[in-house]
Amino acid sequence: MITDHCNLENYLLNLEGKGFKFKGDAISFIYFGKQLTGSADFLVSLSIELTLITQKRFDGSFYLSLLETLKENKITTRTQAYSYVKSIGLLKAHS
């Protein structure tokens, strides 16, 4: 689970420990998105989580778009992020 103090590297290692393997240059792209948007590790990790939940795989362009959207909408908590993603139809209301 992601917390407000989530370290991106630890989050990625945790995913790997659970059996999720990123393909190709995905890790570099994740850090590129973080730098491009100037986002905190928490928001980056949350964007990865929501990308994996909604796309069932890591989709770099979806991740980056979602990260930019969450940043633009001043999302600062996990609850806000899930509510927002539900409100735009990416997750069902009961998820």
Side-chain angles (χ1 to χ4, degrees):
M1 180 175 188
I2 299 173
T3 66
D4 289 339
H5 304 291
C6 182
N7 173 285
L8 181 57
E9 182 178 357
N10 289 338
Y11 178 70
L12 294 172
L13 289 172
N14 185 36
L15 284 176
E16 186 176 296
K18 291 181 178 182
F20 186 83
K21 305 292 184 212
F22 288 95
K23 294 180 182 176
D25 293 331
I27 300 294
S28 296
F29 191 77
I30 288 168
Y31 280 96
F32 168 75
K34 175 182 167 41
Q35 183 178 13
L36 179 71
T37 62
S39 296
D41 285 2
F42 170 74
L43 197 59
V44 173
S45 298
L46 194 50
S47 296
I48 294 166
E49 176 181 320
L50 290 167
T51 297
L52 295 176
I53 289 170
T54 59
Q55 301 300 299
K56 309 299 184 214
R57 65 182 177 83
F58 183 75
D59 177 328
S61 60
F62 185 90
Y63 151 77
L64 186 55
S65 177
L66 182 58
L67 180 59
E68 290 172 331
T69 299
L70 295 179
K71 177 93 175 181
E72 288 168 3
N73 285 280
K74 298 176 176 51
I75 302 297
T76 58
T77 69
R78 191 171 197 272
T79 302
Q80 287 175 336
Y82 272 80
S83 292
Y84 180 77
V85 171
K86 287 175 187 173
S87 76
I88 61 173
L90 292 177
L91 283 178
K92 293 181 181 177
H94 66 276
S95 295

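Each residue takes its place number in the sequence, starting with 1.
- F42 and L13 fall into different hydrophobic clusters, where Ile, Leu, Val, Met, Phe, Trp and Tyr side chains are chained together by heavy-atom contacts under 4.5 Å.
- Taking all atoms of both residues into account, the shortest heavy-atom contact from S39 to K71 is OG-CD, 3.6 Å.
- Between Q80 and N73 the shortest side-chain heavy-atom distance does not fall below 4.5 Å.
- A continuous path of hydrophobic side-chain contacts links F32 to F62 [ILVMFWY only; heavy atoms under 4.5 Å].
- If you take CG on L46 and CD1 on I75, they are separated by 9.0 Å, rounding to the nearest 0.5 Å.
- A 4.5 Å side-chain heavy-atom check between T37 and L43 finds every atom pair outside the cut-off.
- A 4.5 Å side-chain heavy-atom check between F20 and F58 finds at least one atom pair inside the cut-off.
- In this structure, K23 places its NZ atom where only 12 or fewer heavy-atom neighbours from other residues, nucleotides or ligands lie under 6.0 Å away.
- Under the 4.5 Å side-chain criterion, counting only non-hydrogen atoms from C-beta, L67 is not in contact with L36.
- Listed here is the closest heavy atom pair of A81 and L50: CB-CD1, 4.1 Å.
- Between the D25 side chain and the S28 main chain, no donor and acceptor come within less than 3.5 Å of each other.
- Shown here are the side chain to side chain contact (heavy atoms under 4.5 Å, CB included) partners of I53, two or more places apart in sequence or in another chain: E49, Y82, L91.
- Proximity of V85 to L66: side-chain heavy atoms (C-beta onward) are separated by under 4.5 Å at one or more points.
- Residues satisfying the side chain to side chain contact (heavy atoms under 4.5 Å, CB included) test with K34, not counting sequence neighbours, are L8, Y31, D41, V44.
- L90 approaches T54 most closely through the heavy-atom pair O-CG2, 3.5 Å.
- Between L64 and G33, the shortest heavy-atom contact is CD1-CA, 3.7 Å.
- Put simply, the side chain of Y63 gets close to the backbone of I30: a donor and an acceptor are under 3.5 Å apart.
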Exercise. Taking it one step at a time, do K92 and K86 satisfy side chain to side chain contact (heavy atoms under 4.5 Å, CB included)?
Worked result: CA-CA 6 Å; K92 293 181 181 177; K86 287 175 187 173; over 6 Å; no
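- In this structure, S65 contributes its side chain and S61 its backbone to no donor-acceptor pair below 3.5 Å.
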